[in-house]
S.K.: 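Would you mind keeping the following structure in view while I ask a few things?
When reading the values below, keep in mind they use all heavy atoms of this one structure, side chains included, and skip hydrogens, waters and symmetry mates.
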Amino acid sequence: MTTYTITLQNCAFFARHGVHDEEEFLGQRFFVDAELDVVAGEALESDSINDTVNYGVAFTVIEQIVTGKRRYLIEALALDIAKGLCETFPQVRRAKITVRKPNAPVPGVLDFVQVSVEHFA
């Protein structure tokens, strides 16, 4: 069996996730990486977008989940994205989702908080 990996890197969205009330009120940008392991099936031979993961559709799925209902934890957000992509694309066998939150409310300076979740279909 042949597999390949598709990666959408650094997708940016404005949303209102977080535990604190001010995170919901103010909102912030979140960044998402999606690494999708795909069973090749006919895609590599057919050269048809209908046989693979359509990047545009995958981006839209991520966007709808990130900008949808509020989640307190970015861990839960990452898992929902992984499950959503696996449900949308049955040829995806593994989805590794990384969510970065640059403005996490911490008592110091940092670039971002990051969580990665792997989901196997």
S.K.: Are Leu44 and Val92 linked, directly or through other ILVMFWY residues, by side chains that come within less than 4.5 angstrom of each other?
M.R.: yes
S.K.: Atom CZ in Phe112, atom CD in Gln114: separation rounded to 0.5 Å?
M.R.: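 That separation rounds to 5.0 Å.
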S.K.: Which residues satisfy the side chain to side chain contact (heavy atoms under 4.5 Å, CB included) test with Val109, sequence neighbours excluded?
M.R.: none
S.K.: Test: salt bridge (Lys or Arg N to Asp or Glu O under 4.0 Å). Region: residues 42-55. Which pairs qualify, not counting sequence neighbours?
M.R.: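 Every pair satisfying salt bridge (Lys or Arg N to Asp or Glu O under 4.0 Å) with a residue in residues 42-55: there are none.
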S.K.: Between side-chain atoms of residues 2-11 and protein atoms elsewhere (two or more places apart, or another chain), which donor-acceptor pairs fall under 3.5 Å?
M.R.:
| residue | atom | partner | partner atom | Å |
| --- | --- | --- | --- | --- |
| Tyr4 | OH | Thr52 | OG1 | 2.5 |
| Thr5 | OG1 | Asp37 | OD1 | 2.8 |
| Gln9 | NE2 | Asp33 | OD1 | 3.2 |
| Gln9 | NE2 | Asp33 | OD2 | 2.9 |
| Asn10 | OD1 | Arg100 | NH2 | 2.6 |

S.K.: Sequence neighbours left out, what passes side chain to side chain contact (heavy atoms under 4.5 Å, CB included) with Ala12? Give chain and number order.
M.R.: Phe31
S.K.: Which pairs pass ring-ring contact (aromatic ring centres under 6.0 Å, His included) with one or both residues in residues 44-84, sequence neighbours excluded?
M.R.: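 Matches after skipping sequence neighbours: Phe13-Phe59.
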S.K.: Grouping I, L, V, M, F, W and Y whenever their side-chain heavy atoms are under 4.5 Å apart, do Leu73 and Val117 come out in a common cluster?
M.R.: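 No, no single cluster joins them.
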S.K.: May I have the list of side-chain donor-acceptor pairs in residues 77-86 shorter than 3.5 Å, sequence neighbours left out?
M.R.:
| residue | atom | partner | partner atom | Å |
| --- | --- | --- | --- | --- |
| Asp80 | OD2 | Arg71 | NE | 2.6 |
| Asp80 | OD2 | Arg71 | NH2 | 3.2 |

S.K.: For Gln64, enumerate each residue passing the side chain to side chain contact (heavy atoms under 4.5 Å, CB included) test, keeping only those at least two apart in sequence or located in another chain.
M.R.: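 Gln64 satisfies side chain to side chain contact (heavy atoms under 4.5 Å, CB included) with Thr60 once adjacent residues are dropped.
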S.K.: For residues Val113 and Leu110, report the shortest heavy-atom separation together with the two atoms involved.
M.R.: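 Heavy atoms of Val113 and Leu110 come nearest at N-CD1, 3.9 Å.
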S.K.: Suppose we screen for ring-ring contact (aromatic ring centres under 6.0 Å, His included). Which residues come up paired with His17, at least two apart in sequence or across chains?
M.R.: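 ring-ring contact (aromatic ring centres under 6.0 Å, His included) check on His17 returns Phe30.
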S.K.: Nearest 0.5 Å, what's the OG1-CZ distance between Thr67 and Arg16?
M.R.: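 One gets 11.5 Å once the value is rounded to the nearest 0.5 Å.
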S.K.: Filter on salt bridge (Lys or Arg N to Asp or Glu O under 4.0 Å), then keep only pairs touching residues 104-121, sequence neighbours left out; what's left?
M.R.: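 Residue pairs passing salt bridge (Lys or Arg N to Asp or Glu O under 4.0 Å), neighbours aside: Arg94-Glu118.
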S.K.: Hydrophobic cluster membership, with links at side-chain heavy-atom distances under 4.5 Å among I/L/V/M/F/W/Y: are Val106 and Val19 in one?
M.R.: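 Per the 4.5 Å side-chain linkage, Val106 and Val19 are not co-clustered.
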S.K.: Looking at every heavy atom in both Arg70 and Glu24, which two are closest together, and how far apart are they?
M.R.: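 Between these two residues, the closest heavy atoms are NH1-OE1, 2.7 Å.
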S.K.: In chain order, what residues pass the side-chain hydrogen bond (donor to acceptor under 3.5 Å, both in side chains) check against Lys101, with sequence neighbours excluded?
M.R.: Glu23
S.K.: Please report the closest heavy-atom contact between Gln28 and Ala104, naming both atoms and the distance.
M.R.: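 Taking every non-hydrogen atom into account, OE1-N, 4.1 Å.
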S.K.: Apply the hydrophobic cluster definition, ILVMFWY joined by side-chain contacts under 4.5 Å directly or through others, and give me every member besides Ile49.
M.R.: none
S.K.: For the CG atom of Leu36 and the CD atom of Gln91, what is their distance to the nearest 0.5 Å?
M.R.: 9.5 Å
S.K.: In the hydrophobic clustering that connects Ile, Leu, Val, Met, Phe, Trp and Tyr at side-chain heavy-atom distances below 4.5 Å, which members other than Leu26 occupy its cluster, ordered by chain and number?
M.R.: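 Direct or chained contacts put Leu26 with Phe25.
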